[in-house]
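Side chains are part of it too, since the values below use all heavy atoms of this structure and drop only hydrogens, waters and symmetry mates. In what follows, chains are A, B, ... by sequence order, proteins preceding strands, each numbered from 1.
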Amino acid sequence: MEKNITIHLKGSASVAVSSQGLSGLKALQALGIDNTENLAAVKINGEIKDVSTEIDSSAKLEPVYVDSQEGLQILRHSAAHVMAEAVKALFPGVKVTIGPAIKDGFYYDFDYKRPFDANDLPKIESKMAEIIRKDLPFIRSEVPSDEAIEFFKSQGETYKVELIEDLSEEVVSIYKQGNFTDLCRGPHLPSTGKIRAFHLTHVAGAYWRGDETKAMLSRIYGIAFADQESLNTYLENLEEAKKRDHRKLGPELDLFSIQDDVGPGLILWHPKGGTIRTIIEDFWRQEHYKAGYDIVYSPHIGRAKLWQTSGHLDYYQENMYSPMDIEGQEFYIKPMNCPFHITIYRSRIRSYRELPLRWAEMGTVYRYERSGVLHGLLRVRGFTQDDAHIFCRPDQIEDEILNCLDLTLHLLRSFGFYEYEVMLSVRDPERKKKYIGNDEMWEMAEGSLVNALERRELSYRREEGEAVFYGPKIDIKIKDALGRAWQCTTIQFDFTLPERFNMTFIGKDGQEHRPYMVHRALLGSLERFFGILIEHYGAAFPVWLAPVQVIILTITDRNIPYGEDLLKILSDTGVRAEKDFRNQKLSFKVREAQTKKIPYMVIIGDKEMETGNVTVRLRDGHNLPPMPPTELIDRIKNEVKLKSA
RNA sequence: GCCACCGUAGCUCAGAUGGCAGAGCACCUCACUCGUAAUGAGGAUGUCGGCGGUUCGAUUCCGCCCGGUGGCUCCA
């Protein structure tokens with residue numbers, strides 16, 4: 001029915017138009033948008049819709065372009081549909097399942113008589129290119145569920161039937177392009193031709209609905225952009241990430257290794273990695289003392305009864321290794337440090353006057369991880385947590401959380417991480433019974449986490465239902481030099497362990513009270529953090545962390561005595577220096593030092609011997625003017641202090 | 001654990017229809033004494049991931065296992 005309506009362009013003018021045959025596209029054109037070539041969709045009153053959507057009442061509009069965040073998601077989702085069409089055309093009998101856009105591209109899961117492999121991808125790509133060239137429109141329609149079920153049944157698409165049945169909607173939307181019809185909420189691009197650059201990246205197995213008891217499907221991953229240049233940039237970034245891969249750089253630079261002889265997921269820290277780890281640990285300890293922590297140590301194994309009391313044997317056993325028999329008694333290797341710290345707490349009666357207690361330990365724990373999930377230093381079976389437990393009175397909790405946040409931000413910044421993603425995980429309000437502890441405790445705990453975050457003006461995402469059963473938590477992910485996010489920090493309330501271990505303190509009133517307990521790891525684990533550091537810096541560590549800060553390169557054998565003197569001067573002042581006095585060309589030695597990413601190359605020849613100076617080459621290729629050794633030492637000391645460069 | 005792919009010298013990689021396994025770099029020796037990313041010559045290097053099977057003969061074919069990579073799932 002025709003009527004006169006008013007449409008507004010967000011942040012701009014409005015016009016009166018007739019609603020007769022008014023699509024989103026026409027409405028945008030009426031509002032003076034002429035860049036329709038790059039339109040992915042349109043936001044109507046804030047809701048993202050196809051540009052073909054009919055507008056029948058006054059509305060606020062906003063164009064969504066293919067190169068915007070939201071536009072890209074749509075483009076990739078549409079690319080998934082195109083891929084599905086291509087696969088169906090090439091492999092008769094294949095069944096389609098689901099195919100969404102994801103953070104970094106898109107995928108589609110297929111059920112076929114054989115899994116797809118990398119050799120199939122070029123064929124699929126050229127078929128997709130063909131479909132894209134045809135510039136087929138995506139046509140949306142809404143059909144009653146039973147009709148849709150009949151349709152997909154007739155196509156043999158049993159997974160789609162299952163999806164519609166589970167939706168239990170009266171009407172579902174379907175999208176058709178070319179010969180391919182898919183159940184889909186949309187929105188989609190106006191037509192396939194808008195996908196101007198795409199690439200199928202890899203194949204993988206994936207369970208139907210992520211459930212390992214269900215069918216194993218064959219998943220194809222791809223990436224798509226609105227233009228070729230963006231795709232090229234993306235592929236270049238992948239290359240860059242590959243160059244920084246800690247699994248490659250670590251062994252190459254002799255930092256660490258993982259070897260078959262020892263076992264998967266178990267890390268050998270080589271001397272250079274060990275040097276870095278020592279620096280991290282020393283710094284960590286120093287900052288923890290400053291923040292009012294005490295350091296404790298605990299053993300690697302403990303009696304079965306301890307793990308029974310803590311609940312680990314009931315709730316965590318699948319992550320624990322089999323018990324070992326010691327003189328007829330069972331002991332377990334620890335997957336966590338908490339029971340030990342609690343046992344220290346319980347070694348005598350505690351007064352409210354001594355709280356809060358903050359006990360930190362670089363505690364090495366062992367957890368069973370399924371072989372398929374192991375990944376370099378980032379996911380291992382034995383790792384050292386920078387763990388601590390805080391035991392405090394309820395009235396102290398907010399300051400304690402704040403203290404944790406301040407310490408973690410200070411540490412992370414010192415290591416060169418300035419961007420974070422903060423998540424606050426709270427109870428699922430619908431299923432409170434799932435969790436231990438009463439409402440009052442949860443509200444108090446959550447309130448203290450929120451207050452601390454707000455007092456430090458940290459923006460965070462609230463995640464309902466993501467809390468562990470024993471308490472709410474804050475998780476922090478850091479962003480590295482390539483913008484990738486890595487989980488490190490976790491600050492968790494624990495309502496269950498104080499109960500289980502019957503922990504108490506004597507209050508002002510002379511009565512026993514239950515302490516609050518917070519479990520926190522700030523860097524997460526040393527292994528993972530080291531892996532992240534390697535990738536963040538591409539193993540070109542800042543001077544304070546560099547395992548070798550200076551290498552002395554001689555030009556001829558005549559310079560060796562001066563080189564030895566220099567080495568001694570540097571080493572005596574605490575500079576980590578090495579020598580390369582081999583009878584080789586300078587350029588040869590420079591090249592080698594460069595590949596080792598050593599920050600300072602000190603070059604000494606006859607000139608330097610005469611003047612008593614050093615010539616310094618930086619790893620970025622620049623030279624410093626000749627200077628006396630003391631000046632170099634001051635420079636290094638200063639950089640170590642500032643943790644810069 | 002499951003699905004796909006992969007495993008040849010310390011590293012990067014060739015190789016053969018089943019018949020004594022190769023290159024470059026690294027390593028060792030010698031010569032060169034040299035000024036900012038590779039000096040030259042020579043030498044040594046392997047249970048061809050492991051075990052079993054087929055075969056006159058297996059690194060190659062088959063089976064099982066171990067390990068790695070990308071995912072699923074899970075997580076510091």
Using the six-membered ring of F225(A), assess whether NZ or CZ of R76(A) lies under 6.0 Å from its centre and within 45 degrees of the ring axis.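 Satisfied, under 6.0 Å and within 45°.
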
Would K334(A) count as a cation-pi partner of F340(A), with NZ or CZ less than 6.0 Å from the six-membered ring centre and within 45° of the ring normal?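 Yes; both conditions hold, so K334(A) lies above the ring face of F340(A).
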
Spacing of [X] atom [atom1] relative to [N] atom [atom2], expressed in whole Å:
X	N	atom1	atom2	answer
K242(A)	U69(B)	NZ	C1'	11 Å
D211(A)	C74(B)	CG	C1'	14 Å
D260(A)	U69(B)	CG	P	12 Å
K334(A)	A76(B)	NZ	C1'	14 Å
Y368(A)	A76(B)	OH	C1'	18 Å
R370(A)	G67(B)	CZ	P	15 Å
N623(A)	A37(B)	CG	C1'	13 Å
F588(A)	U33(B)	CZ	P	18 Å

Can you tell which of I560(A), L567(A), D580(A) makes a side chain to side chain contact (heavy atoms under 4.5 Å, CB included) with I552(A)?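 Answer to the side chain to side chain contact (heavy atoms under 4.5 Å, CB included) test with I552(A) among I560(A), L567(A), D580(A): L567(A).
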
Tell me which one of D109(A), D111(A), L217(A) satisfies side chain to side chain contact (heavy atoms under 4.5 Å, CB included) with W208(A). L217(A)

Counting any heavy atom closer than 4.0 Å, what does [X] reach on the DNA or RNA strands: base, sugar-phosphate only, or nothing?
X	value
K607(A)	base
G524(A)	sugar-phosphate
G605(A)	base
V380(A)	base
Q259(A)	nothing
S218(A)	nothing
Q487(A)	sugar-phosphate
E527(A)	nothing
E592(A)	nothing

Think [X] has a side-chain N or O under 4.0 angstrom from the OP1 or OP2 of [N]?
X	N	answer
Y221(A)	C72(B)	yes
S587(A)	U36(B)	no
H375(A)	G70(B)	yes
R591(A)	A26(B)	no
R582(A)	U33(B)	no
R558(A)	C34(B)	yes
R219(A)	C3(B)	no

Separation of the [atom1] atoms in [N] and [M], to the nearest angstrom:
N	M	atom1	answer
G10(B)	G49(B)	P	12 Å
A9(B)	A44(B)	C1'	11 Å
C13(B)	C28(B)	P	24 Å

5' precedence on RNA chain B between R379(A) and K248(A) (nearest-nucleotide basis):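 Looking at the nearest nucleotide for each, K248(A) comes out on the 5' side.
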
Look at the side chain of [X] and the base of [N], then say whether one donor and one acceptor between them are separated by less than 3.5 Å.
X	N	result
Y207(A)	G71(B)	no
R528(A)	C75(B)	yes
N583(A)	C34(B)	yes
E369(A)	A76(B)	yes

Pairing string of RNA chain B (Watson-Crick or G-U wobble, both atom distances under 3.5 Å; | = paired to other strand) is (((((((..((((.....[..)))).(((((.......))))).....(((((..]....))))))))))))....

Choose from [options] the nucleotide whose nearest atom is closest to any side-chain atom of [X].
X	options	answer
I603(A)	A76(B), G70(B), G35(B)	G35(B)
V373(A)	C72(B), A4(B), C34(B)	C72(B)
T615(A)	U33(B), C72(B), U36(B)	U36(B)
R617(A)	U39(B), A4(B), U36(B)	U36(B)
D117(A)	A37(B), G35(B), A4(B)	A4(B)

Ring stacking, F383(A) with base of A76(B), under 5.5 Å and under 30°? yes

Taking C-beta and beyond as the side chain, do [X] and [Y] meet within less than 4.5 Å on heavy atoms?
X	Y	result
Y435(A)	D428(A)	yes
R520(A)	T490(A)	no
N559(A)	M609(A)	yes

Please confirm whether the ring centroid of F415(A) lies under 6.0 Å from the ring centroid of F283(A). yes

Give me the atom names and distance for the closest heavy-atom approach of G563(A) to I604(A). CA-CD1, 3.3 Å

Decide, yes or no, whether a salt bridge links K477(A) with D475(A) under the criterion of side-chain N to carboxylate O below 4.0 Å.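 No.
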
